[in-house]
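Side chains are part of it too, since the values below use all heavy atoms of this structure and drop only hydrogens, waters and symmetry mates. Here is how names work: the chains are called A, B, and so on, in the same order as the sequence lines, proteins then strands, and each is numbered from 1.
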Protein chains: 2
Amino acid sequence: MVKLTAQRQAILDLINASNRHWDAEELSRALGDAGQAVGIATVYRGLAFLEAEGLVASIQLADRKRYERADKAHHDHMVCTACGHIEEFAHATIEALQEAAARERGFTISGHQLVMFGRCADCTKGNNT
Amino acid sequence: MVKLTAQRQAILDLINASNRHWDAEELSRALGDAGQAVGIATVYRGLAFLEAEGLVASIQLADRKRYERADKAHHDHMVCTACGHIEEFAHATIEALQEAAARERGFTISGHQLVMFGRCADCTKGNNT
DNA sequence: AGAGGAATGATAATCATTATCATTATCAAT
DNA sequence: ATTGATAATGATAATGATTATCATTCCTCT
Ligand SMILES: [Mn+2]
Ligand SMILES: [Mn+2]
Ligand SMILES: [Zn+2]
Ligand SMILES: [Zn+2]
């Protein structure tokens with residue numbers, strides 16, 4: 001019975017309405033534009049709360065943390081260093097091999113993050129930037 | 001013909017002398033303790049330089065970037081969230097599958113980072129913190 | 001209606017990293 | 001050795017994302 005306040009619900013709705021990977025600032029700005037302003041501090045707290053509840057997922061990039069909906073199957077990311085595009089991919093075998101590697105070493109895994117950096121298909125062809 | 005200044009050489013020597021994963025602050029402090037103080041700004045610049053030259057490697061964790069020697073084969077990491085221990089592992093099959101996944105999507109990969117979080121073998125058994 | 005506790009929001013604080021800029025080191029040419 | 005050009009250093013200010021503070025507002029229960 002997670003209790004969602006109006007601002008937490010607004011954050012969650014916005015995230016669930018697309019496949020974007022949002023940062024706190026973007027969410028705060030978008031909510032303001034939509035007429036339901038939420039203080040930036042509340043956005044940070046709301047995101048932490050929602051993630052703890054498993055209602056949103058996140059990826060930690062070099063500079064900032066980005067949030068996305070959690071109602072998709074687990075996946076990892078490829079980040080285009082030219083245009084910022086974030087592409088998703090899931091690979092069951094990689095996941096299984098990771099778990100095996102951890103098990104071999106007695107490591108109890110609670111999470112992982114695999115990020116590949118490079119140029120997306122568009123940026124590889126065209127010469128965007 | 002990379003030209004190493006005294007302070008860059010000192011940073012590199014320190015990194016190469018162990019298998020630790022250092023952050024800038026730790027390096028600056030250790031250099032100071034060793035009697036060859038290097039300003040923190042110079043440490044940051046030196047690390048960027050050394051990494052660009054391929055003389056040191058790095059991993060970007062949530063809060064800070066950590067540097068290690070580059071004269072080891074590529075590997076990824078498991079970070080213990082209890083004691084901070086960083087364990088290394090290499091997995092050729094995972095690497096190959098990653099590249100295949102990128103290729104399938106037209107992504108030109110320039111780098112990647114796979115980090116697993118959890119409790120190391122010691123912290124899983126004993127109850128260190 | 002009122003008390004207690006949680007949530008909000010404005011703002012200050014924190015902390016890693018980068019930018020500035022005056023000073024110093026390096027090196028080639030005089 | 002002295003110059004001058006150029007790069008590096010180091011002290012310190014600035015930046016930017018995130019967290020902490022704290023007064024105010026909102027709920028929920030009695
Ligand atoms: Mn995603
Ligand atoms: Mn390592
Ligand atoms: Zn791109
Ligand atoms: Zn541990």
Can you tell me how far [atom2] of [N] sits from [atom1] of [X], to the nearest Å?
X	N	atom1	atom2	result
B/Arg66	C/dT17	CZ	C1'	15 Å
B/Phe49	C/dT18	CZ	P	16 Å
B/Leu27	C/dA16	CG	P	14 Å
B/Lys65	C/dC15	NZ	C1'	17 Å
B/Leu61	D/dT18	CG	C1'	17 Å
B/Leu31	D/dG10	CG	P	10 Å
B/Leu47	C/dT18	CG	P	10 Å
A/Gln60	D/dT18	CD	C1'	10 Å

**Study point:** Any B/Thr5 side-chain N or O less than 4.0 Å from OP1/OP2 of D/dA7
**Key:**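 Checking B/Thr5 against D/dA7: no side-chain N or O falls below 4.0 Å of OP1 or OP2.
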Practice item. Would you tell me if any nitrogen or oxygen in the side chain of A/Thr42 comes within less than 4.0 Å of OP1 or OP2 on C/dG9? Key: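 Checking C/dG9 against A/Thr42, a side-chain N or O does come within under 4.0 Å of OP1 or OP2.
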Check your understanding: Distance only, no hydrogens: is a donor on one side chain within 3.5 Å (strictly under) of an acceptor on the other, for A/His21 and A/Glu88?
Key ->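 The answer is yes; a qualifying pair exists.
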Exercise for review: Establish, from distance only, whether the side-chain atoms of B/His91 and B/Gln98 form a donor-acceptor pair under 3.5 Å.
Suggested key: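 The criterion, which ignores hydrogens and geometry beyond distance, is not satisfied for B/Gln98 and B/His91.
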Review point. Nucleotide by nucleotide, 5' to 3', does protein get under 4.0 Å of the base (B), only the sugar-phosphate (S), or neither (-) in nucleotides 19-30 of chain D, counting heavy atoms?
Key: BBB---------
Practice item. Looking at every strand, decide which applies to A/Asp23 at a 4.0 Å heavy-atom threshold: base, sugar-phosphate, or nothing. Key: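 Touches nothing.
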Review point. Going by heavy atoms closer than 4.0 Å, what residues in residues 6-21 of chain A are next to DNA chain C?
Key: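 Correct list: A/Gln7, A/Arg8.
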Non-hydrogen side-chain atoms of [X] and [Y] separated by less than 4.5 Å:
X	Y	value
B/Asp76	B/Met116	no
A/Val115	A/Ile59	no
B/Ser28	B/Tyr44	no
B/Trp22	B/Leu14	yes
B/Gln9	B/Gln36	no

Exercise for review: Determine which pairs satisfy salt bridge (charged side-chain N to carboxylate O under 4.0 Å, His left out) with at least one residue from residues 13-28 of chain A, sequence neighbours left out, and list them in order.
Suggested key: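 For residues 13-28 of chain A: A/Arg20-A/Glu26, A/Asp23-A/Arg64, A/Asp23-A/Arg66, A/Glu26-A/Arg66.
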Check your understanding: Taking the six-membered ring of A/Phe49, is NZ or CZ of A/Arg8 closer than 6.0 Å to its centre and within 45° of its axis?
Key ->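 Here A/Arg8 passes the 6.0 Å and 45° test against A/Phe49.
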